[in-house]
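This report concerns only the one structure given below.
No hydrogens, no waters, no symmetry mates; every other heavy atom, side chains included, goes into these values. Not measured: the values here are computed from a predicted model.
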Amino acid sequence: MSRPALKLRSWPLTFLYYLLPFGALRPLSRVGWRPVSRVALYKSVPTRLLSRAWGRLNQVELPHWLRRPVYSLYIWTFGVNMKEAAVEDLHHYRNLSEFFRRKLKPQARPVCGLHSVISPSDGKILNFGQVKNCEVEQVKGVTYSLESFLGPRTNAEDLPFPPASSCESFRNQLVTREGNELYHCVIYLAPGDYHCFHSPTDWTVSRRRHFPGSLMSVNPGMARWIKELFCHNERVVLTGDWKHGFFSLTAVGATNVGSIRIYFDQDLHTNSPRYSKGSYNDFSFVTLANKEGVPMRKGEHLGEFNLGSTIVLIFEAPQDFKFRLKPGQKIRFGEALGSL
């Protein structure tokens with residue numbers, strides 16, 4: 001039997017191996033068969049195709065009589081607080097997509113004015129702190145490469161340094177001011193959370209980098225399971241500057257969240273049917289007519305997901321910057337992340 005045939009026939013056996021009682025398929029090991037790892041098995045699932053199908057389903061207009069039972073089931077399952085919604089009447093939302101992207105009442109999320117960085121979204125704090133050795137923690141004890149996540153800094157107009165040749169030189173390209181440190185914060189948006197995200201501070205967005213990729217689940221359990229999960233998944237990296245130097249916000253896609261929308265970027269199209277693994281495309285908001293980029297005010301609407309996902313902030317700040325957070329805590333858009 002050829003090797004491709006052996007590999008093909010191993011997938012059904014692998015499913016059975018993990019479903020059946022322990023040791024049921026152990027005799028197969030005597031003839032050289034080994035189960036595919038759980039990670040490889042999960043990566044084989046066509047999550048991008050499933051996410052596009054889910055996106056199409058979200059756009060289907062529901063009959064008026066069906067809207068309340070469908071949305072009520074979702075509200076009950078994920079603990080959605082509809083009292084915060086700008087429109088509480090469930091019949092108002094024609095399809096699931098409109099319901100997921102519902103707006104909030106203006107007073108539902110007051111923006112903290114006392115702290116320099118606020119939470120850009122509702123969610124759960126997975127990790128935060130200083131970036132050490134160019135590695136960022138996606139959850140406690142599981143890291144990913146900073147350069148793999150943000151991509152190489154190779155454009156001369158970005159920074160006045162040559163391309164990075166080592167971890168430390170890449171970090172030095174991001175930290176542009178003497179005495180500053182690099183910080184990060186990871187916020188997980190569950191399916192029941194408010195799905196829009198906002199500007200976490202006053203800053204100017206100069207560039208967008210879009211990484212097509214997988215659309216694996218980003219829930220904390222999966223983040224502990226798959227190393228460099230955020231580097232595998234599709235993501236949109238916005239980079240620019242704030243008053244203390246480099247600032248970036250990355251929206252990470254996930255299963256059923258192939259659609260990432262940035263309100264001021266009409267050229268962005270995510271979850272395309274075809275892409276080259278490891279590829280990315282850049283777009284600059286700095287033009288001859290606009291030499292600064294896109295200015296964003298703290299709390300201003302920035303973008304949205306179609307379902308829960310993850311926001312990653314990476315920025316430089318003085319050494320006395322302090323986070324006002326605890327790992328695992330729930331946070332809402334507008335609440336303080338940290339300040340000087």
Side-chain angles (χ1 to χ4, degrees), residues 116-121 128 130-131 134-136 138 144-164 167 169-177 180-187 197-213 230-231 233-253 260-270 278-287 290-298 300-303 305 309-318 321 337-338:
S116 53
V117 183
I118 62 168
S119 176
S121 65
F128 63 91
Q130 282 191 21
V131 175
C134 290
E135 293 283 323
V136 183
Q138 57 191 28
Y144 56 91
S145 162
L146 182 64
E147 186 170 5
S148 296
F149 183 69
L150 295 178
R153 305 285 287 183
T154 57
N155 295 287
E157 65 269 25
D158 281 346
L159 293 167
F161 300 105
C167 164
S169 62
F170 181 77
R171 178 192 174 280
N172 290 341
Q173 287 188 4
L174 300 182
V175 180
T176 60
R177 302 184 185 181
N180 279 3
E181 296 289 346
L182 205 59
Y183 298 87
H184 73 100
C185 183
V186 183
I187 305 170
F197 51 93
H198 301 247
S199 175
T201 193
D202 296 333
W203 65 307
T204 301
V205 183
S206 58
R207 185 172 294 274
R208 177 259 291 162
R209 175 169 285 173
H210 172 216
F211 291 84
F230 296 162
C231 297
N233 270 17
E234 182 162 18
R235 58 198 182 278
V236 177
V237 182
L238 300 179
T239 56
D241 296 279
W242 71 317
K243 61 183 178 181
H244 299 297
F246 172 80
F247 199 96
S248 73
L249 180 149
T250 301
V252 183
I260 302 172
R261 182 183 175 194
I262 304 297
Y263 293 139
F264 58 76
D265 188 354
Q266 302 303 314
D267 295 316
L268 175 65
H269 301 286
T270 57
S279 66
Y280 61 85
N281 58 77
D282 287 333
F283 183 85
S284 177
F285 299 109
V286 178
T287 63
N290 178 12
K291 297 182 181 299
E292 298 296 325
V294 181
M296 297 296 300
R297 302 293 297 173
K298 183 166 66 174
E300 187 177 351
H301 277 85
L302 181 54
F305 295 110
S309 195
T310 299
I311 295 286
V312 180
L313 303 180
I314 299 174
F315 57 94
E316 71 169 298
F321 180 87
L337 287 184

Is there side-chain contact between [X] and [Y], with heavy atoms separated by less than 4.5 Å?
X: Arg297; Y: Ser199; result: no
X: Arg235; Y: Arg209; result: no
X: Leu174; Y: Val131; result: no
X: Trp242; Y: Pro200; result: no
X: Leu302; Y: Phe264; result: yes

**Prompt:** Listed by chain and number, what are the ring pair (Phe, Tyr, Trp, His ring centres under 6.0 Å) partners of His198, not counting sequence neighbours?
**Reply:**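 Tyr194, His301, Phe333.
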
**Prompt:** Taking only residues two or more places apart in sequence or in another chain, which ones pass side chain to side chain donor-acceptor pair (under 3.5 Å) with Arg208?
**Reply:**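 Partners of Arg208 under the side chain to side chain donor-acceptor pair (under 3.5 Å) test: Asp265, Asn281.
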
**Request:** For Ser145, check side chain to side chain donor-acceptor pair (under 3.5 Å) against everything at least two apart and list the hits.
**Result:**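 So Ser145 forms a side chain to side chain donor-acceptor pair (under 3.5 Å) with Ser148.
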
Would you say the side-chain atoms of [X] pair up with the backbone N or O of [Y], donor to acceptor, closer than 3.5 Å?
X: Asp282; Y: Arg207; value: no
X: Thr201; Y: Trp203; value: no
X: Glu316; Y: Phe246; value: yes
X: Ser248; Y: Ile314; value: yes

**Item:** Phe197/Phe305 under ring-ring contact (aromatic ring centres under 6.0 Å, His included): CA gap, chis, key distance, verdict
**Value:** CA-CA 8 Å; Phe197 51 93; Phe305 295 110; 5.1 Å; yes

**Message:** Would you say that more than 12 heavy atoms from the other residues, nucleotides or ligands in this model lie under 6.0 Å from the CD of Gln130, or not?
**Reply:**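 Yes.
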
**Atom of Phe149, atom of Thr250 and distance for their closest heavy-atom approach** =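 It is CZ-CG2, 3.4 Å.
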
**Message:** Regarding Lys298 and Asp202, does a basic nitrogen lie under 4.0 Å from an acidic carboxylate oxygen?
**Reply:**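 Between Asp202 and Lys298 there is no salt bridge, as every charged N stays at least 4.0 Å from the carboxylate O atoms.
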
